[in-house]
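Here is the structure we will look at, set down as structure tokens.
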Amino acid sequence: MLIEKSFTALKESMESLKMPPLNQEDSLSFTEHGHFSSNISFAAAKVMKKNPMEIALKIAESMKGEFMLSSSAVKPGFINVTFTDRALIDEMKEIASEINWGKKDINKGKVNLEFVSANPTGPLVLVNMRAGVAGNCLAKIMQYSGYDAVKENYVNDSGKQVHNLGASILFHIAKDKGEFPENGYKGSYIKDIAFEVQKNHPPLNWSEENINLCADEGKRIILESQKKSLEKFHIVFDSWVYESFIRNEYIKKTEEYLREKKYIYVNENAVFLRTTDFGDDKDRVIYKSDGEMTYFLPDIAYHFYKAERGFDRIIDILGPDHHGYTSRIKASLQMLDKKSRFDIIIAQIVTLYRNNEKYEMSKRAGDFISMDELAEEIDPDVLKFLVLSRKLSQPFNFDIEKAKETTMDNPVYYVQYAYARLSSLMSNACINSFSDISYDYDSLGDDSLRSIAAKLLEFPYTVYSIAETYEIQKLPTYIVSLSSLIHSYYHDNRIITDDKKETNIKISVLFAARRILRTAFEMIGITVKERMEKNEV
RNA sequence: GCCCCUGUAGCUCAGUGGAUAGAGCAUUUGUUUCCUAAACAAAGGGCCACAAGUUCGAUUCUUGUCAGGGGCACCA
């Protein structure tokens, strides 16, 4: 890859000048001043205590490589490199011919990516959709960047909330029922489940045993429907971990370990964990004074289980309600003394508006819009693109009516249209694969075509950076800006002409652009359309 | 009270320790050629909340102020 070659040239230049070794990748930026820009001279200037401009001049002068048209030092000390057309054309060929162009083939380690992890007590809601789409996308980004990513869903299938679910269901069945359970679930789906359970069982009276039976049936039915909801968005997991399994297999082990390490103490009959030793603002209870276990211990045990499976990195994408929860889970992971890197990403709240009015939601009261219902109103492709375009750590507000009204101006159609235009060109020009294109010429002709070619070089680096920073919105931003270049070029230029050579030159770049678009679409999970169906709006 | 997040164009939001701060929508104007205007081009619109500090340089980092949002548990 050209950018790799540039790094090498930069490194060799700095070595020959006896400059300190610095991480070149950190200093990479893509600007309009060249195909490759670096501000490494500023970093070097700090270490060497010299003028950055002076350093930049030396580096620019000594950088070597036949792929470079020029390398220059500018103003305060930037280094800009411009590639030759010949080198860009060779790069277009690489993109076209290598199926996984840009994908890192070195193994950077195993990653566990946990997301969604909803309680099996009701339909998945909007923030689950947000986290699901983001997690799915992030896993693909990690894989492209050289990581071996495992997508995991944790199911809280035991504990109090499941008991409440069972009681809420049985309430609609048992004749001798009492009051509606405190903290019970009120959604209408509960009645549907109750009806289902009633069909398969003899009349049930109010008893602990029957509550558990209803809970089991409820969990099963809800999990099935959650899976279906996820499938609508093509969210698929590699691994499902059940809390019941963790409770049986890992709680004891974890507790013994923590006790041995003396992180546990008793105060007023309650059992505490010294999370303050690792930065939490207060110690947390793992057994209440009535002897009941809190949810915290199974969660630690679950992370113990994760760490034990040899992941180099563990990532949790959590909902907004876990905001105050991150410091204690991080503390507990440090207690386990595993060397895995551990990151928590909070997927912020999704708030719906209808005609500028906020739509208040409460899951427990049964008043909410599920991700299924939303998918019925708005095309999942549109939702995915919208959701991924916003920073995950920021609250996401949008108006359903507006999202429907403005479909004409929706960015997802914009980018799909760019792809469809390219596909049409390829079929008109009878190009089925890169072998139909000739790459034996030395000029790209004009700057607008050159800038599309240069934009393609950015793609892998955009992806790699997301794998480290989790700023997924950079991918949609990239796709939109590439699409914009394509639309603009398409509008201004006739691509297929009688001049075979010129046609071929244009096609060589556009074929590669189409390749990159396709890879990017697959990463964010939107449909790749060879042609657009005209919408009646 | 304590903690976290946010404040960038009329609106919804990107972005960055550096080279002229961007996009979409909205407004005004112009452009229809392979997949079609679901597109392109141009114009207007900004004390990057405010103030101080850090340095060669801050919209970006630090602190404070003001404003908005979210979270605090022997609930899950």
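- Asp280(A) comes within contact range of no nucleotide atom at all, as no heavy-atom separation falls under 4.0 Å.
- Residue Thr294(A) has its side chain nearest to A76(B) when only A76(B), A73(B), A14(B) are considered.
- Counted by atom type alone, Thr275(A) and Arg284(A) present zero donor-acceptor pairs between their side chains at under 3.5 Å.
- Between Asp281(A) and Val74(A), it is Asp281(A) whose nearest contact on RNA chain B lies nearer the 5' terminus.
- Within 4.0 Å (heavy atoms only), His487(A) reaches sugar-phosphate atoms of the nucleic acid but no base atom.
- Under the 30°/60° scheme for interplanar angles, the aromatic rings of Tyr154(A) and Tyr302(A) are found to lie parallel.
- Heavy atoms of Asn80(A) sit under 4.0 angstrom from at least one base atom.
- Within the nucleic acid shown, Gln394(A) comes within 4.0 Å of sugar-phosphate atoms alone, with no base atom in reach, counting heavy atoms only.
- Among the protein residues, Tyr490(A) comes within range of the nucleic acid bases, having at least one heavy atom under 4.0 Å from a base atom.
- When the P atom of A39(B) is taken as reference, atom CG of Leu425(A) falls 17 Å away, rounded to whole Å.
- Taking atom P in both G1(B) and G57(B), the straight-line distance is 38 Å, to the nearest Å.
- One atom, CZ of Phe42(A), and another, P of C56(B), lie 13 Å apart when rounded to the nearest Å.
- For the pair Arg220(A) and Glu217(A), the salt-bridge criterion is met [side-chain N within less than 4.0 Å of a carboxylate O].
- More than 12 heavy atoms of other residues, nucleotides or ligands sit less than 6.0 Å from atom NZ of Lys455(A).
- A39(B): Watson-Crick or G-U partner is U31(B), with both key distances under 3.5 Å.
- Spacing of C1' atoms, U8(B) relative to U60(B), comes out at 11 Å, to the nearest Å.
- Between the P atom of A23(B) and the CG atom of Asn410(A) lies a distance of 19 Å, rounded to the nearest Å.
- As judged by a 4.0 angstrom heavy-atom cut-off over every strand, Lys529(A) is placed among residues making no nucleic acid contact.
- If you check the side chains of Asp446(A) and Ser448(A), you find a donor sitting under 3.5 Å from an acceptor.
- Across all strands shown, C72(B) forms a Watson-Crick or G-U wobble pair with G1(B), both key distances being under 3.5 Å.
- One finds no side-chain N or O of Lys391(A) lying less than 4.0 angstrom from the OP1 or OP2 phosphate oxygen of C5(B).
- When rounded to the nearest whole Å, the span between CZ of Phe78(A) and C1' of G57(B) equals 10 Å.
- No contact: Ser389(A) has no heavy atom under 4.0 Å from any strand.
- Across all strands shown, A23(B) forms a Watson-Crick or G-U wobble pair with U12(B), both key distances being under 3.5 Å.
- The interatomic distance linking Leu352(A) (CG) with U12(B) (P) rounds to 16 Å, in whole Å.
- Comparing the C1' positions of A52(B) and C66(B) gives an interatomic distance of 15 Å, to the nearest angstrom.
- Looking at Ser289(A), its side chain comes within 3.5 Å of the base of C74(B) through a donor and an acceptor atom.
- For the OP1/OP2 pair of A41(B) and a distance below 4.0 Å, the side-chain nitrogens and oxygens of Ser488(A) include at least one atom meeting the criterion.
- Here U6(B) presents its P atom at 13 Å from CG of Leu392(A), a figure rounded to the nearest Å.
- Rounded to a whole angstrom, the distance from the P atom of A43(B) to that of U6(B) is 33 Å.
- Taking side-chain N and O atoms only, Gln473(A) has a distance below 4.0 Å to OP1 or OP2 of G15(B).
- Across the P atoms, A42(B) and A23(B) are found 10 Å apart, a figure rounded to whole Å.
- The partner of U65(B), taking Watson-Crick or G-U wobble pairs whose two distances both stay under 3.5 Å, is A49(B).
- Summarising the geometry, the separation between CG on Asn183(A) and P on A76(B) is reported as 10 Å, rounded to the nearest angstrom.
- Comparing the P positions of G46(B) and G22(B) gives a spacing of 14 Å, expressed to the nearest Å.
- The aromatic rings of Phe272(A) and Tyr265(A) lie parallel to each other, their planes meeting at an angle below 30°, with 60° marking the opposite boundary.
- The nearest heavy atom of RNA chain B to Ile495(A) and to Asp492(A) marks one nucleotide each, and the one closer to the 5' end goes with Ile495(A).
- Going from the P atom of C50(B) to that of G7(B) covers 13 Å, rounded to whole Å.
- Comparing the C1' positions of U27(B) and G17(B) gives an interatomic distance of 36 Å, to the nearest angstrom.
- In this structure, Phe296(A) reaches neither bases nor backbone, as no heavy-atom distance under 4.0 Å exists between it and the strands shown.
- In the displayed structure, Lys50(A) atom NZ is contacted under 6.0 Å by at most 12 heavy atoms of other residues, nucleotides or ligands.
- Within 4.0 Å (heavy atoms only), Arg390(A) reaches sugar-phosphate atoms of the nucleic acid but no base atom.
- A58(B) is unpaired under the criterion used here, namely a Watson-Crick or G-U wobble arrangement in which both key atom distances are under 3.5 Å.
- A close approach under 4.0 Å does not occur between any side-chain nitrogen or oxygen of Tyr325(A) and OP1 or OP2 of C3(B).
- Close to A37(B), at under 4.0 Å from its OP1 or OP2, lies a side-chain N or O of Tyr417(A).
- Electrostatic pairing of Glu152(A) and Lys306(A) does not count as a salt bridge here, judged by no charged N lying under 4.0 Å from a carboxylate O.
- Phe385(A) places its CZ atom 13 Å from the P atom of G24(B), with the value rounded to the nearest Å.
- In this pair, His33(A) lays its aromatic ring flat on the base of A19(B), centres within 5.5 Å and planes under 30 degrees apart.
- Using a 4.0 Å cut-off, some side-chain N or O of Arg328(A) falls inside it from OP1 or OP2 of A73(B).
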